[in-house]
Each structure stands twice: as C-alpha cells, then as structure tokens.
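One structure is given below, encoded as structure tokens.
Residue numbering restarts at 1 for every chain, and letters A, B, ... go by the order of the sequence lines.
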Amino acid sequence: MEKPTLPKGTRDFGPAVMAKRQFILDAIRKVFQKFGFQPLETPAMENLSTLTGKYGEEGDQLLFKILNSGDFLKDVSAAKLEARNSKQITTDISEKGLRYDLTVPFARYVVMNKHDIPTPFKRYQIQPVWRADRPQKGRYREFYQCDADVVGTDSLTCEAEIILMIREVFQTLRIDDYTIKINHRGVLTGLAELAGAKENQTALFVAIDKLDKIGEEKVKEELLSKGFTEKSIKTVFDILNFQGTTSQKVVFLNDQFTKSESGDRGVSQLSAVLRLLRDYNSDDKHVEFDIALARGLSYYTGCIFEVKINNVSIGSVSGGGRYDNLTAAFGDKENLSGVGFSFGVDRLYDAMEELNLFPKEAQASTKILICHFDEETQRFGLKELSALRAAGIAAEVYPDQAKMKKQLDYANKKMIPYAIVIGSEETKNGFLTFKNMETGDQEKLTVQQIIQKLKA
RNA sequence: GUGAUUGUAGCUCAGUUGGUUAGAGCGCCUGAUUGUGGUUCAGGAGGUCGUGGGUUCGACCCCCAUCAUUCACCCCA
C-alpha cells in the first residue's frame with residue numbers, strides 16, 4: 001500500500017486552518033456585500049477556447065488542461081501522433097481547462113447574459129483557481145481568489161470604492177501595516193513617451209516593476225541590455241526617483257506630462273480618485289502613488305492597484321485595475337469598461353500567520369461542552385444542551401461514557417472555552433457546574449444563567 | 001522551462017573519520033488521581049534512516065539513479 005499524497009501545490013484545509021480561512025473570507029464577503037456587490041459562481045472548468053489567448057503565451061502554458069473523456073485519440077491524425085508535438089495535439093485531445101482566474105470567466109458570463117444583468121453590474125466571486133506553476137513560498141497550484149468587479153461604467157467612484165473596501169477588510173482583519181500602491185497605465189505610457197521608448201514599452205514596464213525588488217542598478221542594467229539609451233534611462237529615473245507625498249507626486253507629474261496626452265489623462269484621473277476619497281469623507285491613508293508599479297499589463301488600461309503587507313515575506317495580497325476591453329475577446333462590440341480587484345486569501349492567510357494576527361475567538365467553533373459521569377447524568381444534560389442551542393449557542397455533549405480527564409482534554413483540543421460538568425448532585429438541584437476552561441474557575445449556575453452570561 | 005536545497009519517530013530536528021542495539025524535545029497512550037483538563041511525577045508505544053542500485057568485511061554517513069520537498073529565476077495572487 002502506497003502512502004497517499006497530495007498533488008504538488010495543493011493543500012488540505014483541516015478544521016484549525018478552515019476556522020482561520022473563514023475568518024478572512026467572512027470579512028471579505030461582508031465588505032463586498034456592503035458595497036453592493038452580488039455573488040457569482042462559475043464552473044471550475046471552462047472550454048479551453050474561453051481560456052486560451054487571454055493570459056499571454058506564458059499563461060497558456062500555465063493552464064491545466066482536461067483530457068477528453070473516452071477515446072481521446074480517435075480524432076488525432078496518425079501524422080500528428082508521429083510528429084510527437086505535444087502543443088499541436090493538445091487542442092485535439094483536450095477541449096476543457098480549469099479556470100486560471102476569475103476575471104475571464106466573469107467576462108464570459110457578462111457576454112452570455114448581457115440582456116439580463118443590471119448595468120452597471122457589480123459582482124463578487126470567491127472561488128479557487130488553478131495554475132500549473134512551480135509552487136514556492138506564497139505560490140500554490142490551487143488557490144482562492146476573491147474578486148470584486150464593476151462593469152459598464154467608467155466612473156472613478158469605483159476606483160475610490162476599491163480603496164475603501166481594501167481598507168475596511170484590512171481593518172476587520174486587524175492588519176495595520178500595509179500599503180495600497182496605485183498607479184495608472186496612462187502615467188506609464190507617458191513615462192515611455194518622455195523616454196522616447198514608445199516602441200519598447202513592455203520591456204520598460206516589466207523592468208521598472210521590479211524596482212523595489214532588485215534595486216535601481218539592476219533595473220538600469222536590464223534596460224541597457226534591452227537597448228535603452230543612457231539618456232532615456234536617466235529621464236525615466238529622474239521621474240521615478242521623485243520623492244514626496246502622493247499629492248506632491250501628482251503636482252510634479254502634471255508638470256512633466258504637459259506634452260503627453262496619456263500621461264496627463266493618467267495623472268488627472270489619479271488625482272480625481274484622491275479627491276473622491278475626500279468626498280467620501282475619507283482620506284488617502286495607506287495609499288501610495290507608485291510610478292514604478294506596472295503589474296501584469298495584459299489587459300489593464302486605467303488605474304492599477306497592488307496591496308503589499310509590510311514586513312512579511314509574502315508577495316502582493318491584492319491587486320487589480322481598470323480594463324476597457326474585457327468583453328471584446330468574446331466578440332462583444334460594445335467594449336464594456338470595467339474595474340476590479342482581487343484578494344489572494346492564501347497569501348493573506350500566510351501573512352496573518354506570520355504576523356500572528358488571528359484572534360483566538362476566530363478559532364473556536366463550539367462554545368460549550370457538556371461533560372458527565374454516567375449515562376443518567378448524560379441524559380439529564382441533553383435537555384440543557386437543547387436549551388443552549390435554542391438560545392443560539394454552539395454546544396455539544398461528550399457522546400461517550402468516559403473519564404472526566406478525557407472529556408476535558410477533548411474540550412481543550414477543540415479549543416472549547418467553557419464546559420458544563422453534570423454529576424448526580426447537579427441533577428438534583430438544577431445548578432450546573434459551569435467551568436471556564438482557560439482560568440479553571442467554576443461556579444454553580446442554572447442553564448438560564450449560563451445563557452445570559454454567554455450572551456452578555 | 002532554468003538553478004539550487006533538503007529528505008532520520010506523528011511534528012521539529014541531532015547523529016562524530018564509515019564501525020556493534022539510531023537519539024532528544026514536543027506530541028500521543030497508561031498510571032499517580034473512581035467529581036475536573038491545561039502544571040508536575042513515573043512508565044509505555046512508536047523507525048524498511050524517501051526509494052532502487054552500487055562501493056565496502058561493514059553504509060543513516062560515500063557514489064549513481066529516481067521520487068518527493070522547499071527556495072530562487074521567469075511570471076504571478
């Protein structure tokens with residue numbers, strides 16, 4: 001008999017882990033709903049044609065493909081088999097794949113249901129996605145994303161509300177030390193124009209995105225090797241190295257971008273978002289305008305976001321941005337504009353674990369355990385158990401006849417904070433022994449008194 | 001796809017130049033304690049040293065292969 005194992009990059013979530021994950025998920029879901037987002041779920045698998053070509057060439061390779069059922073080789077020509085080119089026969093033997101993110105299935109859903117959904121459409125979606133990456137720290141092959149997107153409006157209130165939602169989630173989770181980095185594709189384009197690198201934008205963005213990771217010198221090296229001139233690199237870094245508050249950066253860039261239409265658009269939209277935050281009776285706390293932030297680039301066209309928790313060894317825990325042609329890939333002529341962002345629960349979990357931020361209350365499931373000495377006292381306890389549950393208190397009885405030690409050990413293991421001990425004495429006068437498992441304190445109370453105490 | 005790393009008890013890890021019966025801490029089980037756990041004390045169970053081969057009188061230790069793990073690069077949540 002072989003030892004069972006899990007596929008690479010996947011995990012079981014035991015009860016202790018689930019309690020903490022749900023603490024995170026509940027916080028996120030609650031905020032999404034409070035901001036008017038509605039839930040959506042889509043299938044784990046999509047047609048491969050829905051997925052391919054949406055994430056670039058790299059992305060296509062990271063897609064998990066599902067082998068066709070039955071005789072999957074019957075439509076493959078002998079010549080193709082002979083050639084042994086895996087890439088060429090994948091489309092013949094696989095027509096489905098596991099979803100790679102939640103945005104593309106969402107776009108597919110919007111196009112398919114265009115006439116039924118309200119506009120603008122605000123949806124949130126919390127489901128696992130799969131990527132055939134090599135796993136490493138903070139990177140899994142199966143992980144959860146929590147997306148919230150709005151399509152059908154280009155109002156910048158959406159961008160402002162994304163910032164508000166991120167801050168509210170983090171406040172609930174008691175994460176204090178984090179940065180919401182914000183930038184705009186227009187600013188990046190403007191930067192490329194100033195550097196005279198319109199042709200080679202992608203290389204520029206990929207390089208400067210690594211700035212805080214590998215440092216200025218390495219980025220310069222990379223740009224030189226990609227054919228950028230010393231002069232244009234200097235232009236780029238003169239702008240990147242500007243130090244100041246977010247609003248100072250806005251003013252500074254406004255001056256730089258007098259001749260760049262997209263740069264100007266980017267800066268004015270960013271400052272509009274910041275102004276909106278004040279209109280919400282809020283501020284730009286935790287928000288940092290980072291000119292070097294580039295992100296995936298694949299489909300973003302407006303504001304882009306990324307959230308990093310400080311002093312942890314985890315990559316970004318959230319990110320997003322505005323895209324103007326989400327649905328175009330599915331033949332939609334209207335080109336709906338959308339903006340959205342996503343939390344990575346697994347990374348949030350890792351970061352919170354590293355910072356020791358999970359509260360104890362979030363980990364206990366049962367509130368109270370009923371312990372007893374024999375069958376008679378156990379049976380007596382059952383109606384008290386029902387009374388507790390009727391009052392909405394999570395309670396359970398130790399099901400077997402066992403030594404008190406074993407019953408209390410069980411409570412400890414499940415982190416149950418209270419125990420009721422019922423012996424023959426308790427059955428006579430109705431006063432139960434109510435025990436606080438942490439302090440060891442005990443008192444004699446009726447079940448009603450216990451309920452009141454726990455509800456208080 | 002590229003480059004490293006580690007694999008010994010349920011978990012975290014020791015293990016001497018290659019030498020007889022492979023250890024510790026934590027956890028687990030039993031008892032001290034037939035109405036009280038988390039503290040203490042005493043005892044106990046638990047190992048194909050990842051797997052397969054090779055070198056050797058002799059391998060946890062050296063060599064080769066293989067599988068798994070973790071980390072970094074690319075990319076990303």
For [N] and [M], measure between their [atom1] atoms and round to the nearest Å.
N: B:A65; M: B:C26; atom1: C1'; answer: 36 Å
N: B:A32; M: B:G37; atom1: P; answer: 12 Å
N: B:C71; M: B:C61; atom1: C1'; answer: 25 Å
N: B:U6; M: B:G50; atom1: C1'; answer: 11 Å
N: B:G31; M: B:G35; atom1: P; answer: 14 Å
N: B:C13; M: B:U17; atom1: C1'; answer: 23 Å
N: B:U33; M: B:A14; atom1: C1'; answer: 36 Å
N: B:G3; M: B:G58; atom1: C1'; answer: 37 Å

Should [X] and [Y] count as an ion pair when the cut-off is N to O under 4.0 Å?
X: A:D400; Y: A:K406; result: no
X: A:R141; Y: A:D133; result: no
X: A:D346; Y: A:R21; result: yes
X: A:D409; Y: A:K413; result: no

Over all strands shown, is [X] touching base, sugar-phosphate only, or nothing at heavy-atom distances under 4.0 angstrom?
X: A:G138; result: base
X: A:Q61; result: nothing
X: A:Q136; result: base

* Contact under 4.0 Å: A:K210 side-chain N or O vs B:C75 OP1/OP2 ->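 It does, given that an N or O in the side chain of A:K210 lies less than 4.0 Å from OP1 or OP2 of B:C75.
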* **Given RNA chain B, 5'-ward residue of the pair A:Y100 and A:M404, judged by closest heavy atom** =>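 Its nucleotide being nearer the 5' end, the pick is A:M404.
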* **Test: A:K34 cationic atom under 6.0 Å from A:F32 six-membered ring centre, within 45° of axis** =>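 Output no; distance or angle outside limits.
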* Cation-pi check, A:K220 to A:F237: give yes when NZ or CZ is under 6.0 Å from the six-membered ring centre and within 45° of the ring axis, no otherwise. =>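 Pair A:K220/A:F237 counts as cation-pi.
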Partner nucleotide of [N] by Watson-Crick or wobble geometry (both distances under 3.5 Å):
N: B:A42; result: B:U30
N: B:A22; result: none
N: B:C75; result: none
N: B:U66; result: B:G50
N: B:U5; result: none

For a quick test of your reading: what N or O donor-acceptor pairs under 3.5 Å do the side chains of residues 447-456 of chain A make, sequence neighbours left out?
{"residue": "A:Q449", "atom": "OE1", "partner": "A:T446", "partner atom": "N", "Å": "2.8"}
{"residue": "A:Q449", "atom": "OE1", "partner": "A:T446", "partner atom": "OG1", "Å": "3.4"}
{"residue": "A:K453", "atom": "NZ", "partner": "A:E443", "partner atom": "OE2", "Å": "2.8"}
{"residue": "A:K455", "atom": "NZ", "partner": "A:A391", "partner atom": "O", "Å": "2.5"}

Donor-acceptor pair present, [X] side chain and [N] base, under 3.5 Å:
X: A:E426; N: B:G35; answer: yes
X: A:R134; N: B:U70; answer: no
X: A:R139; N: B:C75; answer: yes
X: A:Q407; N: B:U36; answer: no

* Strictly below 4.0 Å, heavy-atom distances to any atom of RNA chain B: list the hits from residues 345-355 of chain A, or just say none. =>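 The answer is A:R347.
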* To do: Measure the distance from CG on A:L62 to C1' on B:C74 and round it to the nearest whole Å.
  =>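 Going from CG in A:L62 over to C1' in B:C74 covers 10 Å.
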* To do: Specify the separation, in whole Å, of atom CG of A:L432 and atom C1' of B:U36.
  =>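 In whole Å, B:U36 C1' lies 15 Å from A:L432 CG.
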Would you list the protein and nucleotides 38-45 of chain B atom pairs, both N or O, that sit under 3.5 Å from each other?
{"residue": "B:G38", "atom": "N2", "partner": "A:E438", "partner atom": "O", "Å": "2.1"}

* Nearest-nucleotide pick for A:E58, side chain only, options being B:C74, B:A77, B:U36 ->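 Between B:C74, B:A77, B:U36, the one nearest the side chain of A:E58 would be B:C74.
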